[in-house]
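Have a look at the structure below before the remarks.
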Protein chains: 2
Amino acid sequence: MKTYLDCIPCFIRQGLEAARMVTDDDRVQLQVIKKIMNHLMSVELTSSPPEISYHVHKIIRESTGSPDPYKKIKQSQNKFALGLYPKLKKLLDNSDDRLLTAIKLAIAGNVIDYGAAVRFDVESTIQKVLTTDFTINAYDKFKNYLSEANKLLYIGDNAGEIVFDMLLVEELINNDLEITFAVKPGPIINDATLEDAHDIGLDRYAKLITTGAQTPGVVLESCSSEFIEHYESADMIIAKGQGNYEGLGAEPNLFKLLMVKCELVAREIGDGVKVGDIIFINI
Amino acid sequence: MKTYLDCIPCFIRQGLEAARMVTDDDRVQLQVIKKIMNHLMSVELTSSPPEISYHVHKIIRESTGSPDPYKKIKQSQNKFALGLYPKLKKLLDNSDDRLLTAIKLAIAGNVIDYGAAVRFDVESTIQKVLTTDFTINAYDKFKNYLSEANKLLYIGDNAGEIVFDMLLVEELINNDLEITFAVKPGPIINDATLEDAHDIGLDRYAKLITTGAQTPGVVLESCSSEFIEHYESADMIIAKGQGNYEGLGAEPNLFKLLMVKCELVAREIGDGVKVGDIIFINI
């Protein structure tokens, strides 16, 4: 997805939000915003939002001197989501279709996103997602691929959310599948890193790798050869969240799971999709 | 009200919106945004939002070559509001307290604002406002001032909205009051100008003047001496909308009527005020 002009004020809003996590000094916050504006003045809109976001958050880290502005947030979101884990397991146990429910819960976890919006309510989102149909639904095709797959690549998104992903991974490994879970190689917004994945114990169920690129959604050109190898050799791929939707193109075996958080993404997907919709798409 | 860091992305969003009214060429739109960012990089946050907005919209007019990007919008909003006029009159005729209803309708008209948000629904807002209490209510004090006033200055806000203001002016002149209505001296966002005031026939009920300053809310330091004279000699003043809330300080005889459209203004007002609240405040 290309970057829209509307993304520009949104990048600045994100920068302000990140700066506020590091410092209460509004002079520093203003300096961060000015540096971001200075960068955005030379940017080309042919880049995808994750690519521009990479540079914006690099500026934030460098100008605040904080290597990981969202560190505390990520830790607390992991902890919060782990606290929900038993409840989520019970929801699965009581469901008619464990796999479908696990997929829906994984999408509900996608509400834990500091890039798109600061405020979110996880518990009410869980209830809403469980009782809402996908606006676009590739579940049948997903099950077909799953029945024949031996290697699955799961591209994660945010801290906290990865606990929800772990539940889906646990459902998937029942199918005797080798699962590789990809996280970010370093801090970018509240995206999950290896540290987060280890913290929640995701390594018990999947092989962990990184995308090799610190963009908030996967942009293949920037990824490591290790990641590309997994991407190309996987029988099927799950990509979580809006960032991965924005960064990745379409593949027959690529299933994107996301909650739509931005009007431009909704417009890009088309088909009458609105902000707040849950999407399970493979085109 | 001082400018918050959060206003910066909002100014850019406004600039994009205005640029889109003038041209479909996204290269021109991008140039406008870049020029706005370039200006904002040198701005001091001690200025009020209307002061910064003045420069932002000057940049938009100059770089798009359009002296009045919102001209068509303003004309159609005036026409739309005039179409509602008979219905609004009927609402007044059927109300228990004509003055209070006229004040509430004037606030409902304040939803016609392209600065704070592009989307609005006037008719549903009217219904909502009529059945909603003011979060802050200076109505009793207003009536006390009104009972002794001979000169009233009414500081207008947007095109379209001024039709709603005209209804309130008509109710007020029953009190044998000399009313002066102030509009902007030239185009700024969709704020009403003399042309708009004449178009809707407001000159039948009030003396028309301009603020002398093309800021979207009144900033006294920038206003003409004619306006200041009216401001200082008026027995009471009504100031409509968020822009005037932001630009003006407090006076014992100044009554601000607004719908809260921005979280920062809500926070600035305090007292648990939320976005969407209707406010009738004189401190």
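Chain letters run A, B, ... following the sequence lines, proteins first and then strands; every chain starts at 1.
Among the candidates B:Asp6, B:Ile8, B:Ile33, B:Val43, the residue making the largest number of heavy-atom pairs closer than 4.5 Å to chain A is B:Asp6.
When all heavy atoms of A:Lys34 and B:Leu40 are compared, the pair lying nearest together is CE-O, 4.0 Å.
Residue A:Leu30 touches chain B through both its backbone and its side chain, counting heavy-atom pairs closer than 4.5 Å. In this structure, chain A has heavy atoms under 4.5 Å from both the backbone and the side chain of B:Leu5.
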Trace of the side-chain contact (heavy atoms from CB on, under 4.5 Å) decision for B:Met37 with A:Ile12: CA-CA 10 Å; B:Met37 287 197 285; A:Ile12 298 170; 4.1 Å; yes
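Summarising the local packing, NZ of B:Lys2 is surrounded by more than 12 heavy atoms from other residues, nucleotides or ligands at distances under 6.0 Å.
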